[in-house]
Novice: 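Quick one: structure below, then a few questions.
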Number of protein chains: 2
Amino acid sequence: MAIDVAGQSTMANGGTASRTGNYEIAAPHLSRILSIQSHVAFGYVGGKAAVFPLQCLGYDVDVVNTVNFSNHSGYRRFGGTKTTAAELSQIFASMEENGLLLPSRLLTGYIPEAKALTAVYDLAKKLKSKTPELIYLLDPVIGDAGQLYVAPDVVPVYRTMLSLASIITPNWFEVEVLTDIKLSDLASLRLALRKLHTEFHVPNVVISSIPLKPWLLDVLPAQLRPAPPFPNTEDPGYLLCLASAARTDDADTRVLSTIHARCVPLIPGYFSGVGDLFSALLIGHFHFSSIPPSAHPSNPLAHATSSALHKTHLMLQLTHEHAKTLPEDERLPTDEEKDAMEPVRRFKRMRGRELRLVQGQDIIRSTEIGELGAMDVWEGFWEA
Amino acid sequence: MAIDVAGQSTMANGGTASRTGNYEIAAPHLSRILSIQSHVAFGYVGGKAAVFPLQCLGYDVDVVNTVNFSNHSGYRRFGGTKTTAAELSQIFASMEENGLLLPSRLLTGYIPEAKALTAVYDLAKKLKSKTPELIYLLDPVIGDAGQLYVAPDVVPVYRTMLSLASIITPNWFEVEVLTDIKLSDLASLRLALRKLHTEFHVPNVVISSIPLKPWLLDVLPAQLRPAPPFPNTEDPGYLLCLASAARTDDADTRVLSTIHARCVPLIPGYFSGVGDLFSALLIGHFHFSSIPPSAHPSNPLAHATSSALHKTHLMLQLTHEHAKTLPEDERLPTDEEKDAMEPVRRFKRMRGRELRLVQGQDIIRSTEIGELGAMDVWEGFWEA
């Protein structure tokens with residue numbers, strides 16, 4: 001079985017971490033991350049959701065903005081400009097000229113146009129050839145729940161880029177678009193993961209939030225299932241986080257990857273930037289670990305995912321608790337129809353649900369991984 | 001004596017702070033800062049030197065980028081674009097439309113063109129009329145040591161803007177340009193400060209680093225003087241930080257302001273972003289204090305300046321210590337001639353002296369103010 005093990009090959013480098021004050025920082029040779037994603041003046045999505053957490057974890061973060069907007073598009077109205085492919089290439093070229101292309105890690109997120117994405121692809125290829133052990137977390141931001149965030153011609157570029165990635169963090173919908181497989185049962189989920197690992201050569205795939213529909217609940221091993229009773233039989237109100245680390249040995253071709261999973265209770269309401277925060281925490285905790293590496297000797301992906309899931313969920317809880325303290329008209333339930341009739345309603349709702357990253361910075365710097373995020377192995381996932 | 005007391009009037013609001021974990025955060029009503037300055041992908045100047053420290057102090061920071069460059073201009077070569085006045089206005093307009101212009105504090109830095117600066121001026125006027133208690137720290141970034149960083153037509157715009165500011169942080173050269181007064185003795189220093197306070201209606205003026213030349217050393221009160229012997233009689237190797245808080249009572253028109261000062265040993269070599277970090281820490285510590293407000297009941301400016309000076313100096317020491325550990329060709333002495341012949345020499349030198357903000361984040365969060373930064377009153381400054 002042929003799998004590009006670029007991501008795996010970096011594992012040897014990881015593990016080392018040194019304490020400074022009350023937080024841990026990455027080993028020097030793993031301490032510089034280049035983050036390429038959106039910038040908003042107000043609120044926390046894209047780079048605003050990723051850079052501060054990574055800095056809190058001790059990383060020097062080089063920040064290239066793919067857009068400069070006033071706020072995220074969830075508000076519907078926003079101002080600002082997209083960075084053109086030419087502008088991105090010029091910034092990358094100047095960094096290279098000045099000897100400033102030094103990242104040991106690369107994180108890419110929202111890049112709304114194919115030409116700009118291609119400029120980032122060219123950079124990623126260059127970095128990869130210069131630093132083969134580069135840890136590249138590619139978040140293929142395409143859309144969600146059936147809706148595209150980007151130009152359609154972005155999709156094929158992502159398909160080509162996937163082989164450069166050490167880790168990808170697509171959501172449910174993005175997995176379907178990238179693999180062209182509708183996810184409706186365990187067989188189609190297996191097929192999609194197989195395609196990502198073998199055809200697109202991605203060593204590590206993390207799907208952070210799969211709605212726990214009845215079919216998924218039914219196939220989950222007992223120890224992974226949340227405890228009933230469930231309020232709603234159609235939707236038990238949980239999300240499944242799934243991490244699939246490709247196996248590099250050829251022992252058993254049926255067992256393509258090691259699957260870890262965890263169910264997390266769904267927090268009601270719409271929050272923006274959660275995926276961006278999760279991906280940042282994931283690459284931030286990948287290989288250098290905030291608890292002894294021995295805790296997950298065999299699978300740094302499972303450990304990093306546990307840390308990211310735990311901290312992201314705590315941050316969402318903090319944000320949710322804050323939203324509840326706001327005046328009633330600033331914590332209205334999600335209702336697209338009412339929002340459409342009354343834009344003010346939407347932006348008050350959005351504003352009240354901006355992530356409380358700054359207020360929750362101790363969560364990010366914490367070195368404890370609670371039960372909440374701990375991933376368990378999904379035994380027998382690949383057995384038909 | 002007529003002084004615009006906009007800055008002073010805000011003091012009533014200050015003082016409150018709440019503890020979260022091991023750092024303090026601003027009182028909710030003082031917790032949102034809009035930062036408008038440059039962005040660089042690599043390194044720490046402008047927003048990259050200001051935003052992270054303010055976030056560490058517990059502020060939500062709204063970030064508008066006046067340029068998007070690969071690196072700071074000290075490297076000489078850089079790529080990227082300036083944000084046009086139209087783009088800035090569009091971002092501000094969208095934020096207003098969406099109810100996102102909510103800062104209780106405003107921090108403005110490098111804005112290289114008059115049209116763009118005018119767009120920021122218009123925004124500052126709007127914020128000030130909407131929130132009279134707005135705390136506005138205006139860093140009039142014009143140039144240094146006789147060299148302009150900005151288009152010359154930026155200067156008159158700054159002169160007009162000064163009356164909106166609660167605090168300004170010009171360097172030595174910027175004071176000369178703004179007041180059109182050459183600073184060569186105590187009389188000219190008095191005259192320049194008088195002009196800033198009375199003609200330009202600035203309540204608080206902080207000049208962070210005045211070279212301690214013999215004439216200045218001679219006029220300093222004994223308790224403010226550094227201890228001899230001095231290595232060099234022409235330049236004792238110290239910088240004077242001076243904070244001038246306008247008096248609002250009319251008791252004694254000769255005593256225009258309360259002057260606090262402190263000498264800090266000069267750290268050799270050229271570092272970028274130091275002024276940007278200092279201004280961020282100054283507005284971050286202004287009014288809400290990391291030690292009981294009672295410690296400086298009468299003068300929040302002196303307290304904030306002490307905190308900013310202390311933390312900035314520690315960060316410089318940390319950066320200097322790190323630079324000394326680099327390979328020899330990455331810690332070469334400043335030498336414009338050699339740099340001109342060999343650009344690589346310059347960028348290695350620049351790269352080795354980028355601020356160690358991330359590694360020193362515990363310094364920023366610290367609630368201790370060491371001896372190092374504590375400002376003392378300059379008695380009799382105004383007595384001819």
Side-chain angles (χ1 to χ4, degrees), chain A residues 20-23 25 31 34 36 39-44 48 51-52 54-56 58-65 68-71 75-81 83-84 87 89-95 97-102 343-344 347-348 350-351 354 356-362 365, chain B residues 20-23 25 31 34 36 39-44 48 51-52 54-65 68-71 75-81 83-84 87 89-95 97-102 343-344 347-348 350-351 354 356-359 361-362 365:
Chain A
T20 303
N22 69 328
Y23 59 92
I25 64 170
S31 66
L34 172 57
I36 305 173
H39 173 79
V40 290
F42 184 98
Y44 300 96
K48 283 282 289 295
V51 174
F52 177 61
L54 286 168
Q55 291 173 316
C56 285
Y59 287 94
D60 274 304
V61 186
D62 302 324
V63 181
V64 173
N65 303 317
N68 274 277
F69 289 162
S70 56
N71 49 268
Y75 289 84
R76 290 295 182 275
R77 303 184 300 195
F78 55 95
T81 53
T83 311
T84 66
E87 288 165 344
S89 302
Q90 195 202 4
I91 287 170
F92 299 146
S94 298
M95 289 177 77
E97 264 190 1
N98 290 346
L100 304 179
L101 271 187
L102 305 167
V344 174
F347 72 64
K348 281 190 173 178
M350 291 293 161
R351 197 175 62 193
E354 289 284 1
R356 303 279 286 170
L357 274 193
V358 166
Q359 296 75 11
Q361 61 187 283
D362 282 355
R365 294 201 307 275
Chain B
T20 304
N22 70 330
Y23 58 92
I25 64 170
S31 65
L34 171 56
I36 305 173
H39 173 78
V40 290
F42 184 99
Y44 300 97
K48 284 283 290 297
V51 174
F52 177 61
L54 287 168
Q55 291 173 317
C56 286
L57 290 175
Y59 286 94
D60 274 303
V61 186
D62 303 324
V63 181
V64 173
N65 303 318
N68 274 277
F69 289 162
S70 56
N71 50 268
Y75 290 84
R76 289 294 182 275
R77 302 184 300 195
F78 55 94
T81 53
T83 312
T84 67
E87 288 166 344
S89 303
Q90 195 202 3
I91 287 170
F92 299 146
S94 298
M95 289 177 77
E97 263 190 4
N98 289 344
L100 304 179
L101 271 187
L102 304 168
V344 174
F347 70 63
K348 281 190 174 179
M350 291 294 162
R351 197 175 62 192
E354 288 284 0
R356 302 280 286 170
L357 274 192
V358 166
Q359 296 75 13
Q361 59 187 284
D362 282 356
R365 291 201 187 84

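Numbered from 1 within each chain, the chains take letters A, B, ... in sequence-line order.
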Novice: State, to 0.1 Å, how close B/Glu87 and A/Thr81 come at their nearest heavy-atom pair, and which atoms those are.
Specialist: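 What the structure gives for the nearest pair is OE2-CG2, 3.5 Å.
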Novice: Of the backbone (N, CA, C, O) and the side chain (C-beta and beyond), which part of B/Val61 lies under 4.5 Å from a heavy atom of chain A, both, or neither?
Specialist: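 For B/Val61, the contact with chain A is made by the backbone alone.
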Novice: Checking A/Phe92 against chain B: side chain, backbone, both or neither under 4.5 Å from a heavy atom?
Specialist: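 Neither the backbone nor the side chain of A/Phe92 comes within 4.5 Å of chain B.
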Novice: Which bit of A/Ile36 is near chain B, if near means a heavy-atom gap under 4.5 Å: side chain, backbone, both or neither?
Specialist: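 Contact with chain B involves no heavy atom of A/Ile36 at all.
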Novice: Do we see a donor-acceptor contact under 3.5 Å between the side chains of A/Gln361 and B/Arg365?
Specialist: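 Yes.
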Novice: Restricting to non-hydrogen atoms, name the atom on A/Ser94 and the atom on B/Asn71 that form the minimum distance, rounded to 0.1 Å.
Specialist: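 Closest approach of A/Ser94 to B/Asn71, heavy atoms only: O-OD1, 4.4 Å.
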Novice: Going by heavy atoms in the side chains, are B/Gln359 and A/Asp60 under 4.5 Å from each other?
Specialist: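 Yes; the side chains approach each other to less than 4.5 Å.
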Novice: Between A/Leu357, A/Leu102, A/Val344, which has the largest tally of heavy atom pairs under 4.5 Å with chain B?
Specialist: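 Most heavy-atom pairs under 4.5 Å with chain B: A/Leu102.
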Novice: So do B/Asn98 and A/Phe42 actually touch side chain to side chain, heavy atoms under 4.5 Å?
Specialist: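 With C-beta onward as the side chain, the pair stays apart.
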Novice: Hey, which of A/Arg76, A/Gln90, A/Lys348 has the most heavy atom pairs under 4.5 Å with chain B?
Specialist: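 Of the options given, most contacts go to A/Gln90.
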Novice: Name the member of B/Leu100, B/Val64, B/Asp62 that forms the most heavy-atom pairs with chain A at distances under 4.5 Å.
Specialist: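 Between B/Leu100, B/Val64, B/Asp62, the count favours B/Leu100.
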Novice: For A/Lys48, is it the side chain, the backbone, both, or neither that has a heavy atom closer than 4.5 Å to a heavy atom of chain B?
Specialist: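 For A/Lys48, side-chain heavy atoms alone lie under 4.5 Å from chain B.
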Novice: Sequence neighbours left out, what passes side chain to side chain donor-acceptor pair (under 3.5 Å) with A/Asn68? Give chain and number order.
Specialist: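 So A/Asn68 forms a side chain to side chain donor-acceptor pair (under 3.5 Å) with B/Asn65.
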Novice: So what's closer than 4.5 Å to chain B heavy atoms on A/Glu97: side chain, backbone, both or neither?
Specialist: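 Both parts, backbone and side chain.
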Novice: Which heavy-atom pair separates A/Ser70 from B/Ile91 by the least distance, and what is that distance?
Specialist: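 Shortest heavy-atom separation between A/Ser70 and B/Ile91 comes out as CB-O, 3.7 Å.
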Novice: Please classify the contact of A/Arg351 with chain B as side chain, backbone, both or neither, using a heavy-atom distance under 4.5 Å.
Specialist: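 Side chain of A/Arg351 only, per the 4.5 Å heavy-atom cut-off to chain B.
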Novice: Which atoms form the tightest heavy-atom contact between A/Met95 and B/Ala41, and what is the distance?
Specialist: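 Looking at all heavy atoms of both residues, the closest pair is SD-CB, 3.9 Å.
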